[in-house]
Amino acid sequence: DAGVTQSPTHLIKTRGQQVTLRCSPKSGHDTVSWYQQALGQGPQFIFQYYEEEERQRGNFPDRFSGHQFPNYSSELNVNALLLGDSALYLCASSLTGRGTQYFGPGTRLTVL
Amino acid sequence: AQSVTQLDSQVPVFEEAPVELRCNYSSSVSVYLFWYVQYPNQGLQLLLKYLSGSTLVESINGFEAEFNKSQTSFHLRKPSVHISDTAEYFCAVSGGGAGGTSYGKLTFGQGTILTVHP
């Protein structure tokens with residue numbers, strides 16, 4: 001049973017560029033949440049997707065957007081990258097009504 | 001709004017010693033509580049969770065945590081640590097999600113780095 005997978009593992013971008021990160025949920029899960037973990041900090045909730053819609057959103061600007069596909073996989077898009085966007089981006093999946101979130105290995109984004 | 005405070009940023013201990021990692025939370029609604037562990041350059045792994053029922057929950061590798069509603073705490077303990085327990089530990093809280101569909105977002109503490117010395 002495959003767990004949560006994310007791609008790419010690492011990514012280097014320059015300020016002003018745009019980036020797309022991808023996540024495949026654990027088999028049988030239908031909800032995907034995204035978190036940003038800056039160095040030395042706990043993860044911060046970005047948003048959650050269920051039934052292809054953004055259901056809940058944290059305190060992140062509109063530069064952060066997402067999408068969920070019919071197969072429950074998800075993308076996180078960040079536009080106009082800033083140096084402060086450098087972080088580990090974590091995807092978590094869960095099953096509606098169960099709630100426990102299982103995390104992927106993350107994508108390390110470095111903005112130069 | 002929910003918040004989580006992990007009272008110790010770093011906890012150094014010797015192998016086979018007991019350890020306690022402290023976690024306090026604040027919330028205006030009923031909560032679900034979690035401990036996750038993160039090894040260097042990896043994602044988060046679920047260690048244990050409290051959703052309902054017995055206030056003492058255990059993990060398969062010897063950790064346990066007790067939900068104390070009056071103290072709003074969920075401290076993590078292990079009676080005897082191993083070198084392999086060296087990692088960063090995060091306490092997290094989640095309330096009931098909208099529409100009863102999911103438990104919603106997780107709010108994390110700042111993390112506690114546990115270092116086990118030989």
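Each chain gets a letter, A, B and so on, in the order the sequences are listed, and its residues count up from 1.
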Tell me, yes or no, whether the heavy-atom count around A:Gln44 atom CD, taken from other residues, nucleotides or ligands under 6.0 Å, exceeds 12.
no

Per-residue contact mode, A:Gln6 against chain B (heavy atom under 4.5 angstrom):
neither

What about B:Tyr89 and B:Leu56, same hydrophobic cluster or not, with Ile/Leu/Val/Met/Phe/Trp/Tyr joined at side-chain heavy-atom distances under 4.5 Å?
no

Around atom CZ of A:Arg15, are there more than 12 heavy atoms from other residues, nucleotides or ligands closer than 6.0 Å?
no

Does atom CG (A:Leu83) have a neighbourhood of more than 12 heavy atoms from anything else shown, all under 6.0 Å?
yes

Test of understanding: clusters of I, L, V, M, F, W, Y form through side-chain heavy atoms closer than 4.5 Å, transitively. Do A:Trp34 and A:Leu81 belong to the same one?
yes

Minimum-distance pair of heavy atoms, taken over all atoms of A:Tyr35 and B:Leu106:
OH-N, 3.0 Å

Measuring heavy-atom distances to chain B, does A:Phe47 have an atom under 4.5 Å in its side chain, in its backbone, in both, or in neither?
neither

Between B:Gln42 and A:Phe103, is there a side-chain heavy-atom distance shorter than 4.5 Å?
no

Which atom of A:Gln101 lies closest to which atom of B:Tyr36, heavy atoms considered
O-OH, 2.7 Å

Output the option from B:Val4, B:Thr107, B:Leu44 having the highest count of non-hydrogen pairs under 4.5 Å with chain A.
B:Leu44

CA sep, side-chain torsions, deciding dist, call: B:Gln38, A:Gln37, side chain to side chain contact (heavy atoms under 4.5 Å, CB included)
CA-CA 12 Å; B:Gln38 186 175 38; A:Gln37 185 180 17; 3.0 Å; yes

Tell me whether B:Ile60 at atom CD1 has more than 12 heavy atoms from other residues, nucleotides or ligands lying less than 6.0 Å away.
no

Considering only heavy atoms from C-beta outward, does the side chain of B:Lys105 approach that of A:Gln48 to under 4.5 Å?
no

For the interface with chain B, which of A:Ala92, A:Gly106, A:Pro105 has the highest count of heavy-atom pairs at distances below 4.5 Å?
A:Pro105

Is it true that, when you exclude A:Asn71 itself, more than 12 heavy atoms of the residues, nucleotides or ligands shown sit nearer than 6.0 Å to its CG?
yes

Between OH of B:Tyr32 and OG1 of A:Thr100, what distance do you get to the nearest 0.5 Å?
10.0 Å

Do A:Phe45 and B:Phe108 have their ring centres less than 6.0 Å from each other?
no

Any chain of hydrophobic side-chain contacts (each under 4.5 Å) joining B:Val13 to B:Ile113?
no

